Amino acid sequence: MNINNKHEDLESDNILLIRILGLKPLETTDLDLINELSERKLRKLYWYAKINKISFTYLKALEKAGVLKEIPELEKELEIQERIYEKHLRSIEIIRDILTDLGIDHVFIKTIYDFPILPSDIDVLIYGKTLENIALDLIKRGLRVFDKGPHFISIYNTVVDSSTPRPKMSYDVDIYDEISLGYFKYIDKSLCSSDRYKHPRGVEVLSAECELLIHINHSLFEHLFTLSHLYIL
């Protein structure tokens, strides 16, 4: 295998994905360009979209262009991801209501955006309460803690999906008491404590400036920058 050619191929297809989606996916999607591409090319681009964490976004673009019905397995995949996305949005509402009912000051981060994207999970930053106490409260509400670290707990949202154990899904939740990776706190959360606003979906999220700061730092420390980061930024 020629590694240099493989790298150039990956780079050119990533650029093609950006050309297709534009700067605002679905608003600026190039429908004519999508219709010019072969079925083989559209399938290949789905693979690149998947490793760049924008497979849902890409499939919605193909749907808008009217070509998805010609590729049955991708059409089926979109149906699956649509159901997951619905559970994701419902899960955000459930966690919001539970934390609000418990009187826990919180804000959603790296979770919900104004274009169709399925993140790895729902991230919530809390203030003023320990993770241990929150874990006990959530267990009492029927949720299940399945992992924990120095600054986070991971929760199966068994309200939207009662099956456990299972792979971590977009509608499962990570609750953080610091903006961190493992033991390393990379941003002082007090800097973001008042810089937030109400998202149209009815949850508090960080301001665009804070989201930008978190995404840049997070991707650098993970040594990973994908097209999903590009669109979020």
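Source: prediction; values computed, not measured.
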Decide, yes or no, whether a salt bridge links [X] with [Y] under the criterion of side-chain N to carboxylate O below 4.0 Å.
X	Y	value
E93	R90	yes
R141	D97	no
K129	D137	yes
K24	D30	no

Side chain [X], main chain [Y], donor-acceptor under 3.5 Å:
X	Y	result
K64	L26	yes
H215	L212	no
K76	I71	no
T158	G142	yes
N157	V159	yes
S154	F146	no

- Task: Take H229 and N52 through the side chain to side chain donor-acceptor pair (under 3.5 Å) test and state the conclusion after the steps.
- Result: CA-CA 9 Å; H229 289 109; N52 276 283; over 6 Å; no

Considering non-hydrogen atoms only, spot the tightest contact between [X] and [Y] and give its length.
X	Y	answer
L118	S170	CD2-OG, 3.5 Å
Y171	I122	O-CD1, 3.9 Å
E204	V107	O-CG2, 3.4 Å
I153	I134	CD1-CG2, 4.3 Å
P25	T57	CB-CG2, 3.5 Å
S180	H218	O-CE1, 4.4 Å

Find the distance between [atom1] ([X]) and [atom2] ([Y]) and round it off to the nearest 0.5 Å.
X	Y	atom1	atom2	value
I18	D13	CD1	CG	11.5 Å
I109	I214	CD1	CD1	4.5 Å
E36	I20	CD	CD1	10.0 Å
L125	I187	CG	CD1	10.0 Å
S91	L89	OG	CG	9.5 Å
Y156	S162	OH	OG	12.5 Å

- Task: Under the side chain to side chain contact (heavy atoms under 4.5 Å, CB included) rule, what do Y231 and L21 come out as? Steps first, then yes or no, please.
- Result: CA-CA 10 Å; Y231 280 110; L21 296 173; 3.2 Å; yes

Sub-4.5 Å side-chain heavy-atom contact between [X] and [Y]:
X	Y	value
M169	D172	yes
S55	Q81	yes
K53	L224	yes
Y176	I179	no

- Message: Could you go through D177 and T130, starting from their C-alpha distance and side-chain angles, then the distance that decides it, and tell me whether this counts as side chain to side chain contact (heavy atoms under 4.5 Å, CB included)?
- Response: CA-CA 7 Å; D177 63 3; T130 66; over 6 Å; no

- Item | Partner of D161 by salt bridge (Lys or Arg N to Asp or Glu O under 4.0 Å), out of R144, K168, R166 |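 Passing option: R166.
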
- Would you say L23 has more than 12 foreign heavy atoms packed within less than 6.0 Å of its CG?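 Incorrect, the count does not exceed 12.
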
- Message: Parallel, tilted or perpendicular: which one describes the rings of F108 and H106, with boundaries at 30° and 60°?
- Response: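 Perpendicular: the ring planes of F108 and H106 meet at over 60°.
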
- Message: Below 30° counts as parallel, above 60° as perpendicular, anything between as tilted: where do the rings of Y186 and F221 land?
- Response: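 Taking F221 first and then Y186, their aromatic rings sit tilted (interplane angle of 30° to 60°).
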
State plainly whether one hydrophobic cluster holds both [X] and [Y], where clusters connect Ile, Leu, Val, Met, Phe, Trp and Tyr through side-chain heavy atoms under 4.5 angstrom apart.
X	Y	answer
Y58	L33	yes
L220	F225	yes
L131	F184	no
F152	I95	no
L136	L102	no

- Message: For E82, give me all partners under salt bridge (charged side-chain N to carboxylate O under 4.0 Å, His left out), at least two apart in sequence or on another chain.
- Response: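 Partners of E82 under the salt bridge (charged side-chain N to carboxylate O under 4.0 Å, His left out) test: K60.
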
- Message: The criterion is side chain to side chain contact (heavy atoms under 4.5 Å, CB included); which residues satisfy it with S190, sequence neighbours excluded?
- Response: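 Only D188 meet the side chain to side chain contact (heavy atoms under 4.5 Å, CB included) criterion with S190.
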
- Intermediate values then yes/no, side chain to side chain contact (heavy atoms under 4.5 Å, CB included), I117 and F56: CA-CA 6 Å; I117 189 169; F56 184 48; 5.6 Å; no

- Task: Output, in order, the C-alpha distance, side-chain angles, deciding distance and verdict of side chain to side chain contact (heavy atoms under 4.5 Å, CB included) for I92 and I112.
- Result: CA-CA 9 Å; I92 290 172; I112 185 169; 4.2 Å; yes

- Task: Can you run down the ring-ring contact (aromatic ring centres under 6.0 Å, His included) pairs that involve residues 109-142, sequence neighbours left out, and say none if there aren't any?
- Result: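 Passing the test, one end in residues 109-142: no pairs.
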
- Member of L37, I34, N14 meeting the side-chain contact (heavy atoms from CB on, under 4.5 Å) criterion with L45: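 The side-chain contact (heavy atoms from CB on, under 4.5 Å) with L45 is passed solely by L37 among L37, I34, N14.
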
- Item | Polar side chain donor-acceptor pair, D195 to S207, under 3.5 angstrom |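 Judged by distance alone, the side chains do pair up.
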
- Query: Between D121 and H88, is any side-chain donor less than 3.5 angstrom from a side-chain acceptor?
  - Reply: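 On atom types as modelled, these side chains do not qualify, holding no pair under 3.5 Å.
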
